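Chain identifiers are assigned alphabetically (A, B, ...) following the order of the sequence lines, protein sequences preceding nucleic acid strands; residue numbering begins at 1 within each chain. Please read these numbers as outputs of a predicted model, since none were measured by experiment.
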Number of protein chains: 2
Amino acid sequence: MRFTANRIAGILREHGHKLTPQRHAILRVMAATHDHLTPEAIHEKARSSKPEIGLITVYRTLSLLSDLKLVCRVHAPNGCRGYMMRRPAEHHHHVVCSGCDRVVDFRGCHLADLEQEVLEETGFDINGHLLEFYGLCPDCSAAAPA
Amino acid sequence: MRFTANRIAGILREHGHKLTPQRHAILRVMAATHDHLTPEAIHEKARSSKPEIGLITVYRTLSLLSDLKLVCRVHAPNGCRGYMMRRPAEHHHHVVCSGCDRVVDFRGCHLADLEQEVLEETGFDINGHLLEFYGLCPDCSAAAPA
DNA sequence: ATGATAATGATAATCACTATCATGATAGCA
DNA sequence: TGCTATCATGATAGTGATTATCATTATCAT
């Protein structure tokens with residue numbers, strides 16, 4: 001289950017951040033979209049519920065949410081400007097469609113063994129990872145020529 | 001084994017690209033460095049063998065090498081401006097040090113099973129992936145407080 | 001050697017993102 | 001509910017990386 005906008009609003013307050021209409025608008029956009037969104041796209045969508053909101057505020061809010069680990073970046077091959085809501089306690093990763101740029105999460109990720117191997121090969125004290133798969137989503141796959 | 005600058009020069013020619021001294025200088029820099037390098041860093045190093053080279057040319061050459069899959073981007077948590085040489089037939093991934101930004105390759109990566117699971121969960125026709133581990137390299141690990 | 005073609009570099013433009021700062025809004029508290 | 005310290009916002013302008021344009025120059029097949 002992913003966070004709701006209201007749930008996150010509470011988390012913001014717990015951390016001593018004020019809950020402004022702008023932030024709430026952004027949260028609603030993020031929570032309502034399963035896909036990754038660029039700052040501009042978020043701004044665009046947020047304007048429909050809060051027309052005066054500035055792009056700057058979107059950047060600031062994303063930075064805040066990112067610090068609180070409520071939102072995470074998506075690294076697509078053609079750029080790294082996407083953000084999407086983070087599943088809370090759950091480890092997750094992305095599958096990015098090369099056709100339509102759609103991003104989908106997946107849950108299972110059993111990298112503990114691999115992490116151990118990498119530790120042995122490189123000596124690094126590993127504390128995190130980024131794993132993304134690329135391919136064609138079912139729709140684009142069906143539309144693509146055989 | 002990684003490509004040598006000369007080997008890549010041949011590949012460039014095979015694809016109908018001209019081999020200029022600038023490109024050769026950039027290739028030598030890339031081949032000589034195991035680490036990831038930003039466009040500026042590459043420019044800086046290339047200037048020692050070809051002082052008149054412009055940063056623009058570095059960008060263009062990186063873009064070309066990237067199209068030919070001879071070079072790949074490194075996605076670090078704090079930005080995505082790094083490039084490094086690609087091991088040819090060999091599947092490889094990066095371990096990025098959060099302390100000193102050093103990047104090391106590792107070889108073993110057994111994601112076939114996981115790829116299958118992801119296919120089942122998402123229906124995506126997967127054709128590639130990005131996997132990077134983050135942590136502290138042995139040096140930074142030793143320097144860090146316990 | 002020559003010429004078609006592609007690459008370079010200078011300049012300026014664009015694009016994403018950030019710093020600054022005065023104004024306005026929020027939330028804790030009486 | 002009203003007051004006030006503090007935080008957030010938005011306008012403006014600024015930064016820094018990357019890209020477009022275009023005249024000049026270099027490469028390579030002939």
*If you check every side-chain atom of B:Arg23, which of C:dA7, D:dA8, C:dA19 has the closest atom?*
C:dA7
*Separation of D:dT27 P from B:Arg13 CZ (nearest whole Å)*: 12 Å
*Does B:Gln22 put a side-chain nitrogen or oxygen below 4.0 Å from OP1 or OP2 of C:dG9?*
yes
*Assess whether atom NZ of A:Lys50 is packed by more than 12 heavy atoms of other residues, nucleotides or ligands within 6.0 Å.*
yes
*List the atom of A:His43, the atom of A:Leu55, and the distance in Å for their closest heavy-atom pair.*
NE2-N, 3.4 Å
*Rounded to the nearest angstrom, tell me the gap between atom CD in B:Glu52 and atom C1' in D:dT25.*
12 Å
*Tell me whether the OP1 or OP2 atom of C:dA7 has a side-chain N or O from B:His17 closer than 4.0 Å.*
yes
*What are the two closest non-hydrogen atoms of B:Val58 and B:Pro39, and how far apart are they?*
CG1-O, 3.6 Å
*Less than 3.5 Å between a donor and an acceptor, one on the side chain of B:Arg81 and one on the base of D:dG16, is that the case here?*
no
*Counting only Watson-Crick or G-U wobble pairs whose two distances fall under 3.5 Å, which nucleotide matches C:dA6?*
D:dT25
*Let me know the distance between NE2 of B:His15 and P of D:dT27, rounded to the nearest Å.*
21 Å
*Taking all non-hydrogen atoms of both residues into account, name the closest pair between B:Ser141 and A:Asp125 and its distance.*
OG-CB, 3.8 Å
*Would you tell me if any nitrogen or oxygen in the side chain of A:Thr20 comes within less than 4.0 Å of OP1 or OP2 on D:dC7?*
no
*Measure from the side chain of A:Arg60, starting at C-beta and using heavy atoms only, and say which of D:dT18, D:dG10, C:dT11 lies closest.*
D:dG10
_What is the distance, to the nearest angstrom, from the CG atom on A:Leu55 to the P atom on C:dA19?_
15 Å
*For the pair made of CD in A:Glu40 and P in C:dT18, what is the distance, rounded to whole Å?*
12 Å
_Rounded distance (Å) that lies between atom C1' of D:dT6 and atom CG of A:Leu19_ = 16 Å
_Closest approach to the side chain of A:Thr57, judged atom by atom: which nucleotide of D:dG10, C:dT8, D:dA17 is it?_
D:dG10
*asked:* If I take atom CG from residue B:Asp67 and atom CG from residue B:Leu62, how far apart are they, to the nearest 0.5 angstrom?
replied: 11.0 Å
*In whole angstroms, how far is the P atom of C:dA13 from the CD1 atom of B:Ile56?*
14 Å
*How close or far is atom C1' of D:dA8 from atom NZ of A:Lys50, stated in whole angstroms?*
12 Å
_For B:Thr61 and A:Lys18, find the nucleotide of DNA chain C closest to each by heavy atoms; which residue's nucleotide sits nearer the 5' end?_
B:Thr61
*Taking the side chain of A:Ile53 as its heavy atoms from C-beta onward, which of C:dT26, D:dT18, D:dG10 lies nearest to it?*
D:dG10
